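Report on one structure; see the data block that follows.
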Amino acid sequence: MVTDQRLLFAWELGSDWHVDAIPFEEITGWSLGRQHDGRPMLRLEHPTHIRPERVAAHHVLGFSWGNAEAGVPHDDITLTFAGKRDRAFLAALNRLQQIDVPRGKDFVLAPPGAREERMGGSHAYLTSRKETPSTGPSGL
């Protein structure tokens with residue numbers, strides 16, 4: 001949600017919802033991005049906010065396991081939107097352009113590796129048997 005004063009966003013953690021707000025006056029920088037399918041994103045830099053997240057419950061000798069929740073410091077947030085005409089995206093973008101906050105380099109968030117690498121052997125090949133006069137089509 002976008003107001004004249006701040007951006008509000010929420011996320012689900014387990015069965016609970018959490019909310020954070022970033023006042024526009026706190027934003028120290030922003031970048032416009034897009035996902036691999038063209039949907040827009042905004043990356044906002046801001047002073048540190050502590051946000052609850054799921055973290056590993058146990059750490060021993062470089063191994064981590066278990067589920068716990070803890071406050072994790074963040075000094076940026078990347079917000080995704082449904083499309084270029086999303087009303088929240090347009091409102092946030094217009095407000096960021098109105099105020100004098102430095103704009104960073106545009107970015108694209110693409111899946112890792114090439115498409116062939118992501119497909120990873122999930123190819124199928126169809127072949128047909130040659131017809132012979134004595135067996136008919138495909139040996140049937």
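It should be emphasised that the depicted structure is a prediction, and the values quoted were computed from it without experimental measurement.
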Shortest non-hydrogen contact from [X] toward [Y]:
X      : Y     : value
Pro102 : Thr28 : CD-O, 3.6 Å
Arg54  : Leu13 : N-CD1, 3.6 Å
Val2   : Ala88 : CG2-O, 3.5 Å
His18  : Pro52 : ND1-CG, 3.4 Å
Leu8   : Ala21 : CD2-CB, 3.4 Å

*Shared ILVMFWY cluster between Ile99 and Ile27, side chains joined below 4.5 angstrom?*
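Shared cluster, yes.
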*asked:* Are Leu96 and Met41 linked, directly or through intermediate hydrophobic residues, by side-chain heavy-atom contacts shorter than 4.5 Å (ILVMFWY only)?
replied: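 Unlinked, Met41 and Leu96 end up in two clusters.
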Working to the nearest 0.5 Å, report the span between [atom1] of [X] and [atom2] of [Y].
X     : Y      : atom1 : atom2 : result
Leu93 : Asp86  : CG    : CG    : 11.5 Å
Leu42 : Asp76  : CG    : CG    : 12.5 Å
Trp65 : His59  : CH2   : NE2   : 9.0 Å
Phe24 : Thr3   : CZ    : OG1   : 6.5 Å
Glu45 : Ile77  : CD    : CD1   : 12.5 Å
Thr78 : Leu109 : OG1   : CG    : 8.0 Å

Heavy-atom side-chain proximity of [X] to [Y] below 4.5 angstrom:
X      : Y      : value
Leu44  : Val101 : no
Leu79  : Phe89  : no
Gln5   : Pro23  : no
Phe81  : Leu90  : no
Arg103 : Leu32  : yes
Trp11  : Arg51  : yes

*Using side chain to side chain donor-acceptor pair (under 3.5 Å) as the criterion, point out the one residue from His49, Arg6, His74 that pairs with Asp20.*
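In the set His49, Arg6, His74, the residue that makes a side chain to side chain donor-acceptor pair (under 3.5 Å) with Asp20 is His49.
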*For Glu53, does the CD atom have more than 12 heavy-atom neighbours from other residues, nucleotides or ligands under 6.0 Å away?*
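Yes - once you tally the heavy atoms of other residues, nucleotides and ligands closer than 6.0 Å, there are more than 12.
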*Apply the side chain to side chain contact (heavy atoms under 4.5 Å, CB included) test between Thr80 and each candidate in Gln35, Arg34, Arg39; give the one that qualifies.*
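For Thr80, the side chain to side chain contact (heavy atoms under 4.5 Å, CB included) test succeeds with only one of Gln35, Arg34, Arg39, which is Gln35.
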